[in-house]
Amino acid sequence: MTKHFGKLSSLILGTTLAATVASAAGGELQKVMKARGLTENDVIRAAKTYTPTGGRNEFIVFSSGGQSGQVIVYGVPTMRILKYIAVFTPEPWQGYGYDVDSLKILRQGNIRGREINWGDTHHPAISEKDGKYDGKWLAINDKANPRIAIIDLHDFETKQIVVNPVFKSAHGGAFFTQDSDYIIEAAQYAAPFDNNYHPIEEYKETYRGGVTMWKFNHKEGRIKEDKSFTIEMPPYMQDLSDSGKGVSDGWGFTNSFNSEMYTGGIEVGMPPNEAGMSRNDTDFLHVYNWKKLAEVAKDKKNVKVVNGHRVIPMDVAVKHDALFLIPEPKSPHGVDVSPSGEYITVCGKLDTHASVYKWSKIKKLIKNKEYAGKDPYGIPILDMKKSLHGQVELGLGPLHNQYSNIDGEIYTSLYVDSQVVKWNYKTLKVLDKENVHYNIGHLCGMEGKSADPQGKYIIALNKLAIDRFDNVGPLHPQNHQLIDVSGKTMDLLVDMPLPLGEPHQAVAIRAEKLHPHVRYKMGTNAKTGKMHKGKTLAGQEKIVRTKKADGTNKVEIYATLVRSHINPERVTVNKGDEVIWYMTNLERAQDETHGFTVDYFDAHASLEPGETTEMRFIADIEGVFPYYCTEFCSALHLEMMGYLMVKDPNKKYVSAQKLKMKTMSKAELKAEYDKTIAVNDATDAVIQSVVKFLKENGYDKHKVVADLVTDAFDQYGQIPAQKKKADEAAKKGDYEKAVLFENMIWQLMVKTADVGIRAKDLLVRKVATKQSASAAAGERAFGEGGCGGCHVIGKVSSGPDLTGVLERHGKNAEKWVSDFILDPEKMYDDPYVKSMIDYFNLKMPNQHMSKKETQDIIEYLKWVDENANLF
Ligand code: CUK
Ligand code: CUA
């Protein structure tokens, strides 16, 4: 990743850009629309999502990455991808699974001793308080290898993976209860809870489904496995779940699709699963009182311990009036509790209806023990009709639901019809339908499953992209489509191809609810949040060797990384030694990440500012192996490297014949030293002038500026130590070394100045008078029109400084400048212009600015003059 070198370096390099960009003439928009075949509606939709550089999103979306085992983060309405979060799959860019600390997290996901290096992520969930998203933690399930991961939304890193001890697959998770006390995870394909073989003929007797209630410590952000429990359920293939909230808090809802308990047998001439599992007209919605069962589970007599985990048997749950079944139309999919908790909507893939259950009706039936019967396992069944508020015909293949900010309104995906339908679950009326492409699965509303839905947008998460995008081979990208739902009817705004899939579900949160860190406290183990045992500060770098019984060494390297060096830079070990590399990124500057790798050893770390991490490998091959920083972190990034040298202790090495190199004379060295000192003095003068400006203009009153100044002083503060070494060397007459240390000082000064000037530019914006709309447009035209290639405000560059230009040309200055911009060729013979052409050896080119842009630029120049003292 390349980062900018900063203004100072570009000034030093003397960059001048040719001014060639054509101006946006009147009617330009019409021209573009015609050339690209855009309608007026397209342009309006573009304007609703387009975000100029530096702009932010109103909502942040966390999408499951499906079989990639990751989470994808993007923004709404820009639909721009911001991050991939590594979860169940190694991810080298983040060092995830390649350094010791993140590997420990990944390995928490081992199942029965086996390393599992992928996941099928389905349902992300944001932690809640009072049913509202709080922006602190994200949980996501792995369907294939029943696991749940916890991601910290302060640094967007995976902190924990827990394995479900009894399930063999898990689909209906993760769902937080309304105060994040528990995370619900339902099984999918029923299987024996123990790890033994049981013949499929004993399916009904020994295969089980269920729901695991994972106890969550909201403050720590960790699942407590020993306080979690599973509610045993019949082998009906539990599917999606939702937690009750508000009036239904304390209860959970999970549907299922194989009340037939069909087990296939296509290979012995039986009809396939798809036929047998959809034979009955209805399946079962499971309704359970998890709050009561959490109490029940505390008594040892009430639980069976399987694989070290507490399971509440069905009969115990039934005895405590805490488990019920309600028929639902066959092969249902989504179950979604309304913001108040009163309505529970179930959609059936094979039924064209949505069924809306009413909590108060269900509660009454339970209270009066009014049962319609019992299932073969003795679980009471509530009457479907008596539990229903009503049903409504939506279309083909209704799957999932999201709530609107308008009371009663709900959005449902229609898989077969490829539509989103807006309807009212109270009045049971269909309100609007919008076509999407193709085969929509989940849909994502803005906080659309919380107690406080935000409305505004719905995202359709489509399974197929078919003809939507450029052909990239038989495997197409996934397609997320943003729909504007703020009006009476829905309007599809834009398509976003997602190159990872299949993203089942996504959750969106208001961006302002997230408060991620900028840096870690120096020496933090980012995976535990605690101080890392390998924390190393500047000056503490060392290599510790300990002999092991087998004669090899344990070599512990306590290293630091800071622009632009790794300390130490040379490490020699014996073949067979165990190498343990502790690394601390000493940076405090925002976004100053360093990467680290040792060639050939399949190891990579990404070190965010302040982070310490550990890398470990056996140096089992002889040779010379460069190590380097993998992030383009500064102008001298390529120099941020060192060598690991592995020698065979049993081999004799003959030294090479030394080459004779010409060396510099002492006088030449002294001259180079003096030149370096002079350059450093000049650079320091620039820094001091910036510091003076910052102080005079009260930089500390503006947090963003003050933060940058802190970063700058961080660099500057390292100079005295280097200076001491330079002076000592010079005193001894070792100018060779003195020059090298002075060069280090220059590097630190350049970094200081780079950040300092950024701080100054920001501060200018904070203290300058407010720009009129016209002046702001003028500044944009000035920048985009390429004027800045020759004119630098406050400085003579390849063209004159424009500060004061309106005063230089007397009474008619505005007209003079305006004429010159509009038609410079006409004025090349003007004596003043002629002298400028001679001086700069350049002619002002015609930038084809419009009258309006020219007027705006003049307003901008007036603003410059008003604030001339700042430039
Ligand atoms: S499931 Cu994929 S479309 Cu796993 Cu939530 Cu319904
Ligand atoms: Cu640090 Cu490149």
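Nothing fancy with the numbering, it's 1 onward along the sequence. Counting convention: from 1, in listed order, for ligands and their atoms alike.
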Handout entry: Check: Trp214 ring centre within less than 6.0 Å of Tyr182 ring centre
Key = no

Problem - His123 and ligand 1 - part of the residue with a heavy-atom distance under 4.0 Å - result: side chain

Problem - Glu128: salt bridge (Lys or Arg N to Asp or Glu O under 4.0 Å) partners, not counting sequence neighbours - result: none

Completion exercise
Closest to atom 3 (S) of ligand 1 among protein heavy atoms sits Lys463 NZ, 3.2 Å

Practice task
Identify, by atom number and element, the atoms of ligand 1 in contact range of His333, meaning under 4.0 Å from any of its heavy atoms.
Solution key: 1 (S), 3 (S), 6 (Cu)

Practice task
Measure from atom 6 (Cu) of ligand 1 to every N/O/S atom of His400 and report the name of the nearest one.
Solution key: NE2

Exercise for the section: May I ask you to check whether over 12 heavy atoms, not counting those of Phe469, lie within 6.0 Å of atom CZ? Expected result: yes

Exercise for the section: Sum up the protein N, O or S atoms located under 2.8 Å from atom 2 (Cu) of ligand 1. Expected result: 1

Exercise for the section: Mark yes or no: Lys349 above the aromatic ring of Phe257, with NZ or CZ under 6.0 Å from the six-membered ring centre and no more than 45 degrees from the axis. Expected result: yes

Handout entry: Ring center gap for His480 and Tyr74 short of 6.0 angstrom
Key = yes

Exercise for the section: Could you check if a side-chain atom of Gln419 sits within less than 4.5 angstrom of a side-chain atom of Val436, using non-hydrogen atoms only? Expected result: no

Practice task
Taking atom OH of Tyr438 as the centre, report whether more than 12 heavy atoms of other residues, nucleotides or ligands fall under 6.0 Å from it.
Solution key: yes

Exercise for the section: List the steps, then state whether ring-ring contact (aromatic ring centres under 6.0 Å, His included) holds for Trp581 with Tyr627. Expected result: CA-CA 12 Å; Trp581 222 298; Tyr627 54 83; 4.9 Å; yes

